[in-house]
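Heads up, the thing below is written out as structure tokens.
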Amino acid sequence: MRIEDGAEVVSASRNHLVFAYYVTGHGFGHATRVVEVVRHLILAGHDVHVVTGAPDFVFTTEIQSPRLFLRKLVLDCGAVQADALTVDRLASLEKYSETAVVPRASILETEVKWLNSIKADLVVSDVVAVACRAAADAGIRSVCVTNFSWDFIYAEYVMAAGYHHRSIVWQIAEDYSHCEFLIRLPGYCPMPAFRDVIDVPLVVRRLHKSRKEVRREMGISEDVKLVILNFGGQPAGWKLKEEYLPPGWLCLVCGASEQEFPPNFIKLAKDTYTPDVIAASDCMLGKIGYGTVSEALAYKLPFVFVRRDYFNEEPFLRNMLEFYQGGVEMIRRDLLTGHWRPYLERATSLKPSYDGGVNGGQVAARILQDTANGKNYASDKLSGARRLRDAIVLGYQLQRVPGRDISIPEWYSNAQSEFGLRTGSHSVDHNNTSLLENSAAADFDILHGDVMGLPDTLSFLRSLAELDAAYDSEKITEKHHVRERKAAAGLFNWEEDIYVARAPGRLDVIGGIADYSGSLVLQMPIREACHVAVQKIQPGKQRLWKHAQARQLAKGQGSTPVLQIVSYGSELSNRGPTFDMDISDFMDGDEPISYEKAKSYFARDPSQKWAAYVAGTILVLMKELNIRFENSISMLVSSAVPEGKGVSSSASVEVASMSAIAAAHGLKFSPRELALLCQKVENSVVGAPCGVMDQMASACGEANKLLAMVCQPAEVLGLVDIPSHIRFWGIDSGLRHSIGGADYGSVRIGAFMGRKMIKSTASAMSSQSYPNGNGNNLDELEEHGIELLHDEASLDYLCNLTPHRFEAVYSKKLPDTMNGEAFLTKYDHHNDPVTVIDKKRSYGVKAATRHPIYENFRVKAFKALLTSASSEEQLTALGELMYQCHYSYSACGLGSDGTDRLVQLVQEMQHGKSSGSGDGTLYGAKITGGGSGGTICVIGRNCLRSSEQILQIQQRYRNATGYMPFLFEGSSPGAGKFGHLRIRRRLAPKQD
């Protein structure tokens, strides 16, 4: 074997093939699977040059051959991890930029020279993007071998770290598009950048020793239970303790740091050949990655896993693991506090059933050899650079993409269908609705409330009834929902009352992010809604999950109130399906804990951070209304409001959760009070800087009406009827929107900075404190009006400033941008309680300030126009106001390629370029909510032609991006109008 340190080396022989194999710098898992492919290529008599940053022993333990060449070089960084379970998204993008973007020209030049120098016949990548481009520049074919690609992983990071990073994802997708085809491994993610795909079996390293040999060499008898701890490094600050393991167990620790271990923990050497040790163990405890999952499946080893946050590969591998009955999920809290026993005992009762191939390395090697010899596996279809760039950036990050057209695994498509996450228009089958009503009546006595004929409510009640039967796990047939359905089946005591609440999402017709600046907004509740079922139970009668039982036993306090939550749809996002906590965790002595402590509590495990939206309602009731909860609480959350599409999925969960909890505990408050309490949940417990618009629409809205509200802070002006000739639609761009994202928060900060500057300017002008050199004199002050300046010096909301006053007095005095440190030095603070200024960051000020001032005026005009006489001019003016709003978002930096494309398609339909006959019936469109992706709102005539044009827009968007947009149409009542249901299961009569 020969070690190369970046030197240019020429292959010694041309009688065999030469492969250049690039390995990503992300962890050992990629290197270990590459070993198996490389081993077979070398056995076939070929030279393989591996470009890697992995230690030599990873390769040399398996391959001792002069045909293996190791070139120590890292051309990407993968995901930067703060510890074994935490990915730093911003750091990942910054590191990738430093590693692969800044030196890109030099990398390509160097790699092209090196590839030509070794006379490579084929470039193989797992899954280094720039290697594909370098191969193309060198005139060499390339193939990727992987189960995920970095464009897919980084797409979510872009939304969290700031949309200005999107060029990274574009470049990666374009680099991959130079690859001829993809050899796809099981457990794959959506990878639309690759035009052709060949599926192979699991790539798994072979065993060197038998289970008995390994145990004999380690001095471990067969009667000892053995768990291998495989995290690739331990979570930060974590110390292992003897009591973590049940009696009779030993733990083998991989990748251990330098620390002393308890006697029942054994540290493995860094160069230990882990496949042998895995096969000799009784179960594995670790984080999910391709290497751990594939070897656990191959050797039929139960795998206790802890979720890793912000790594989108994980849910696809996790589902594969659970599909073959090989996985048990451990809550991160229980991992770190040592409550391992119930999970280990559950794991050893499993019988993993994987029976597929494990010779993927051999199969892949044969395909690579054939390709290098000239065989053509790729089809003639074009890669479509524009489609690739748009498709990736427009959100293949765990979104609900319908159908099989982008190679999403079948379980994923089935899951979205089951949870009603569909594309296209919806028509209610009234016969089916009647059947559901009859079924609900047969299953439950409705003791209070009215289902109002809502099909989704009737379906939810039917799913509740099925849980009673599903408590027997044998009756659960959908393998990918076994855990959440089994957990939900044990939630309720069917002999007691259950309370059900419903809250819809909302379509932001106009007003949007101006809500936090006090604007008038117009919002429409959508058809899709969240349902929450709640039951309060005496602590001793609640069925606790095993790990919750173990926690209570460990505390030795007997039965105390516990909150248990099951959230349906976890397989569509990388989050845990269940959450539980002792309600006493919300107490600090005799008082509820602070919101800051609660925020930290829910942030400990990102896979369960979603629970802050649900459980946070309990803390807010404790703190704001001095409520105390003496009983246990069981909750089931089922939401059909898609996440990340800008239609207030979080608000619907909060409103439905608090409404159901309030009903179960006899608490009564108005829909407005409900909304304000739910905003407190999102601001103070979740930590998202939203206004109150979303919660108000979900709580106070009514079907087929627009809620008119002045957000100062939440004054409802009334409901505005939608004229019968007008209709609104929502079209999702596919680009995930996040109200907690950097762009939304920075624009909000910029607006509050602008308000502070305006107040300061008005105060200075009214007191004539400006020096004459700045161009202000007494005549100007008299012209502006001292009284007006006094009012503006105490401006509570930006929207109370009129556009003409802004332009006349303040616009020219505001900077386009301002550094955070400079602002704080001059103004001290920006007076926004839910955002924090980053001293090192520059914020857009003028555009962020101008938007809410003009938006408030646009909304007032829009509301007045809705009540005017029906005419073409009315519709044109309404549409123009929406277009102006859309481009104002973009000026703030809150636009996105996807939403811009959709608005452009609406304009083309309106002006006849795409409408065929030229009779466009759509009049305007705008991005909604917090911007930076999500959904657009479209206004048009309420006619068949408009619906046809909406469908054409969907299809054209799909043709351009590969993504079929989700369509929102129709409306439903808000939580206040729905109220709540109190139901009790009709128990079957006992047989004599």
Side-chain angles (χ1 to χ4, degrees), residues 1-26 30-31 34 37-38 41-42 45-56 59 63 65-78 95-146 149-150 167-168 170-182 193 368-369 371-374 378 383 385:
M1 189 199 71
R2 190 169 170 184
I3 304 294
E4 300 173 23
D5 292 311
E8 295 182 358
V9 179
V10 178
S11 176
S13 171
R14 288 296 295 164
N15 295 324
H16 48 260
L17 298 171
V18 177
F19 295 87
Y21 211 133
Y22 288 82
V23 187
T24 181
H26 179 75
H30 295 266
V34 165
V37 180
V38 170
L41 288 172
I42 289 175
H46 307 305
D47 284 0
V48 184
H49 296 253
V50 181
V51 182
T52 180
D56 295 350
F59 295 89
I63 305 171
S65 170
R67 297 190 184 280
L68 172 66
F69 301 84
L70 297 180
R71 180 177 175 225
K72 305 312 285 291
L73 180 67
V74 176
L75 294 179
D76 67 5
C77 62
K95 183 67 174 177
Y96 186 85
S97 181
E98 175 189 323
T99 305
V101 177
V102 174
R104 178 177 174 81
S106 173
I107 289 172
L108 288 172
E109 182 182 0
T110 300
E111 295 311 298
V112 169
K113 288 181 180 178
W114 178 74
L115 290 170
N116 286 326
S117 74
I118 65 170
K119 295 182 172 58
D121 295 293
L122 186 70
V123 171
V124 189
S125 180
D126 183 353
V127 63
V128 182
V130 73
C132 303
R133 177 57 185 267
D137 289 352
I140 303 169
R141 303 168 75 188
S142 64
V143 175
C144 284
V145 183
T146 187
S149 54
W150 286 113
S167 60
I168 290 176
W170 287 0
Q171 188 63 70
I172 292 173
E174 288 186 352
D175 284 349
Y176 284 144
S177 72
H178 293 286
C179 165
E180 283 207 16
F181 62 89
L182 166 69
L368 294 173
Q369 176 181 268
T371 303
N373 278 322
S383 62

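The first residue of the sequence shown is numbered 1, and numbering continues consecutively from there.
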*For the atom pair OG (Ser167) and CD1 (Ile172), what is the distance rounded to the nearest 0.5 Å?*
9.5 Å
*Spacing of Lys72 atom NZ and Thr52 atom OG1 [to the nearest 0.5 Å]*: 7.0 Å
*Indicate yes or no for a side-chain donor-acceptor contact from Asp76 to the backbone of Gly25 under 3.5 Å, with no hydrogens or angles considered.*
yes
*Quick one: does His46's side chain have a donor or acceptor within less than 3.5 Å of a partner on Leu17's backbone?*
yes
*Strictly by modelled atom types, are Asp175 and Gln171 linked by a side-chain donor-acceptor pair under 3.5 Å?*
yes
*Among side-chain atoms of His16 and Asp47, is any donor-acceptor pair under 3.5 angstrom?*
yes
*Take Leu73 and Glu111 through the test side chain to side chain contact (heavy atoms under 4.5 Å, CB included) and record every step on the way to the result.*
CA-CA 11 Å; Leu73 180 67; Glu111 295 311 298; 3.6 Å; yes
*Donor-acceptor contact below 3.5 Å, side chain Asp121 vs main chain Val18*: yes
*So, for Leu115 and Ala20, which heavy atoms are closest and what is the spacing to 0.1 Å?*
CD2-CB, 3.5 Å
*Nearest-0.5 Å distance, CG of residue Asp137 to CG of residue Leu108*: 5.5 Å
*Are His178 and Val123 side-chain neighbours, meaning at least one heavy-atom pair lies under 4.5 Å?*
no
_Considering all heavy atoms, the nearest Ala173-Ala193 contact_ = O-CB, 4.1 Å
*Parallel under 30°, tilted from 30 to 60°, perpendicular over 60°: which one fits the rings of Phe69 and His49?*
parallel
*Looking only at heavy atoms, which two atoms of Ser97 and Pro103 are closest? And how far apart?*
O-CD, 4.1 Å
*If every non-hydrogen atom of Val127 is compared with every non-hydrogen atom of Cys144, which pair is closest and at what distance?*
CG2-SG, 4.3 Å
*Is there a side-chain contact between Val145 and Tyr21 (heavy atoms, below 4.5 Å)?*
yes
*asked:* Please find the pair of heavy atoms, one from Gln369 and one from Phe19, that lie closest to each other, and give the distance.
replied: CA-CZ, 3.9 Å
*Taking all non-hydrogen atoms of both residues into account, name the closest pair between Leu122 and Arg141 and its distance.*
CD1-O, 3.4 Å
